[in-house]
Number of protein chains: 2
Amino acid sequence: MASTIKQIAQKANVSIATVSRALSDNPKVQEVTRKKILKLAKELNYNPNIIARNFAKRKSNMLGLILPDISDEFFAEIIHSIDETAYEFGYFTLVVSSHKNRSMVESINTMMHSGLVGGFILLTPFMSNDIAHALSTNTVPYVLISGDSEIGDYDVITVDNYKSSFKLVEHLVAKGYKKIGHIAGPEENNDAFLRKKGFADACKKFKLEVKDYWLAKGTFTMASGEQATLKMLKHNDMPRVIFAANDMMAIGCCNALKSKGIKIPEEVAVVGFDDIILSEYSNPSLTTIKVDTDRIGNLAAQRLIEKVQKDVNGKVKKVVVPTELVTRNSC
Amino acid sequence: MASTIKQIAQKANVSIATVSRALSDNPKVQEVTRKKILKLAKELNYNPNIIARNFAKRKSNMLGLILPDISDEFFAEIIHSIDETAYEFGYFTLVVSSHKNRSMVESINTMMHSGLVGGFILLTPFMSNDIAHALSTNTVPYVLISGDSEIGDYDVITVDNYKSSFKLVEHLVAKGYKKIGHIAGPEENNDAFLRKKGFADACKKFKLEVKDYWLAKGTFTMASGEQATLKMLKHNDMPRVIFAANDMMAIGCCNALKSKGIKIPEEVAVVGFDDIILSEYSNPSLTTIKVDTDRIGNLAAQRLIEKVQKDVNGKVKKVVVPTELVTRNSC
DNA sequence: AAATGAAATGAAAACGTTTACATTGACGGT
DNA sequence: ACCGTCAATGTAAACGTTTTCATTTCATTT
């Protein structure tokens, strides 16, 4: 069944070198012999052995994708878009999830040293010393998808967390809101950090007073958004609008408010970040920031392939992907 | 940087065969030489070249995963769980998404003939002639994740659509509902088909009358659920409860009902299927069927690895994963 | 007719590892 | 002392492809 170039060579009465050349569109082979070989290849149902090819070429046509130990809709889209671009350029996508048995550092080391992949994309919400150290080996090229483009001297594709957050506050101010609260995400999370900073800087710019109890900490989960809001409610002095650092917490926030009979957005408005599917259909539908996941995946893959193929000059490239404000009924 | 067994062999004054044996825990090597080699390997920062190894062994430690051209939360979980099991057994996961440029059949052919993977998992909502034909090559082992275990003589992991659907109706009957409508999914979709069949058979068993206009067709999207419901409403004779073949349509259904001022569940109740994240937080929260995605992924990977490693006897194995009824406020 | 050069092809090495088979040396039984 | 056995190690082939370098062929120029 599985035929090799050797068999084709025999049947065609040429050397394997010629077959190899004919099949790889090498111009140094006569049209007539190429035709003959191609015909035979089809007849013999030839399929190149990709492992052998990668081995011989001493390079891999696979790209690694290292995922953190969580799984949400975001990743499904990222994987899809990365694989789409990878395919376009003749690469396969090797997905490596982190989980209880495999740390991100272990994954990085595997990608760096196994020869399995030509390069990899690391999707990480934060940058630790461990990770930075593992990356410093620099054996194969890589690209980061992360919340902050300034985490170091890396090629990174990132959502424009800071500016989006800033603009969201501007939007709120434009709508007349003056008392704004914020539920932040996990401290070590880059996205969370920049969203908070964008919020804080915008408040400063507009000289908005932000009571300290309007600033809450969450963990990006719905439950944490709910808790943070309940805690805020105890002070009997609510902000006029709450900006949650992601939609999940925003929805938790809404739940808490509704449970106390507080009308959204009439009494307290709520806005989120991410534009997850849920946001459109939660009650009330969420005003939020839409992230172009597809574009992030495409860009990351493109950049990685660029690095894998040409020996790109040392300079790293940082791409900040803009977002879109989606206004709905929660504000 | 990247050292080879050859270099280790040189330094250790042994042959490369011995090094290879020592590194692969072959018992035919003296404890003392093994120690020496392992030490040197560490010193030289040796990492096996996995491509070379796969090539030499004439087998791959990669598993393919073919995904359809959609991306929802379901896939992120499936990928995660498959990769977890794969890792446990020393395999990598090669994800291949279908999209505008790459059909599922093309993906199957690649997996079958490239030598890249030792086997693959095909995640498909339906079985076409094209797909069946591509699978018939049977070059490497594969496992299906699909809605129907009886689509053919395949190893398949499947959700218990039929029984779950049947039980859901039983549950409704037990709660006193007698007039039940159904919004079905796409006709060619196996999950949709079996859910509809489970519904129909249960209705028959309980001798429930089902008006033909209580039977609607949808496409698994929220919008289609909404439309189907609006159409149903025109007859001015609504069922007491609507069973939508998935949660997305169920939510669309709720939206339609709410838009007409119909109270859920007091006037018309709604139930769904899947237990997507949204369901818990939609308004009202949805009664639905929870699918154990992790288990499906684990089982599929386990079975595939079994087939890849031992030459499993011809008999195919079909696993039907049970579900769980989740009762919430929509019914 | 000889020389030159280009185009097409072939021969063989190389990639890093595994593995079948061969070799060595030590030991125990006769 | 000889033979056989066994454990440890070595030798070399093999995997399928690419690629460098050498060779052949043939047309063109002198």
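Everything numeric here is computed off the predicted structure, so don't read it as measured data. These numbers come from the heavy atoms of this one structure, side chains and all, not from hydrogens, waters or symmetry mates. Chain letters run A, B, ... following the sequence lines, proteins first, then strands; residues in each count from 1.
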Quiz item: When the distance from CG of B/Asn26 to P of C/dT18 is rounded to whole Å, what number comes out?
Solution: 10 Å
Quiz item: For the pair made of CG in B/Leu23 and P in C/dT19, what is the distance, rounded to whole Å?
Solution: 13 Å
Quiz item: What is the nucleic acid contact for B/Thr33, judged by heavy atoms within less than 4.0 Å: base, sugar-phosphate only, or nothing?
Solution: sugar-phosphate
Exercise. Report the distance from atom NZ of A/Lys28 to atom P of C/dA6, rounded to the nearest whole Å.
Key: 12 Å
Quiz item: Should the pair A/His99 and B/Tyr87 be assigned to parallel (<30°), tilted (30 to 60°) or perpendicular (>60°) ring geometry?
Solution: perpendicular
Practice problem: Answer yes or no: does a side-chain N or O of A/Ser15 lie under 4.0 Å from OP1 or OP2 of C/dG10? | Solution: yes
Exercise. Can you see which heavy atom on A/Gln302 is nearest to which on A/Thr85, and at what distance?
Key: CG-CG2, 3.8 Å
Practice problem: Heavy atoms of chain A, cut-off under 4.0 Å: which first and last nucleotide of DNA chain D, 5' to 3', fall inside that, if you could look? | Solution: D/dG16 to D/dT20
Exercise. Let me know the distance between CZ of A/Arg34 and C1' of C/dT9, rounded to the nearest Å.
Key: 13 Å
Quiz item: Across the strands shown, which category fits A/Thr4 at heavy-atom distances under 4.0 angstrom: base, sugar-phosphate, nothing?
Solution: sugar-phosphate
Practice problem: Between B/Ile16 and A/Arg21, name the one whose nearest nucleotide on DNA chain D is closer to the 5' end. | Solution: B/Ile16
Self-check item: A/Arg102 and B/Glu84 ion-paired at < 4.0 Å
Solution: no
Self-check item: Under 3.5 Å: donor-acceptor pair, side chain of A/Ser98, backbone of A/Leu67
Solution: yes
Quiz item: Now, which nucleotide makes the Watson-Crick or G-U wobble pair with D/dT29, with each of the two distances under 3.5 Å?
Solution: C/dA2
Quiz item: Where the side chain of B/Arg303 meets the backbone of B/Lys318, is there a donor-acceptor pair that is under 3.5 Å apart?
Solution: no
Quiz item: What about the rings of B/His80 and A/Phe75, do their centers lie closer together than 6.0 Å?
Solution: no
Quiz item: Quick one, which residues of residues 51-60 of chain B touch DNA chain D with a heavy atom under 4.0 Å?
Solution: B/Phe55, B/Ala56, B/Arg58
Quiz item: In terms of the angle between their ring planes, are A/Tyr154 and A/Tyr142 parallel, tilted or perpendicular, with boundaries placed at 30° and 60°?
Solution: tilted
Quiz item: Checking B/Ser20 side chain against B/Ile16 main chain: does a donor-acceptor pair fall under 3.5 Å?
Solution: no
Practice problem: Choose from C/dT9, C/dT18, C/dG10 the nucleotide whose nearest atom is closest to any side-chain atom of B/Ile5. | Solution: C/dT18
Exercise. Specify the separation, in whole Å, of atom CD of B/Gln30 and atom P of C/dG25.
Key: 14 Å
Quiz item: Are B/Glu43 and B/Lys39 close enough for a salt bridge, meaning some N to O gap below 4.0 Å?
Solution: yes
Quiz prompt | Phosphate OP1/OP2 of C/dT18: any B/Ser20 side-chain N/O under 4.0 Å | solution = yes
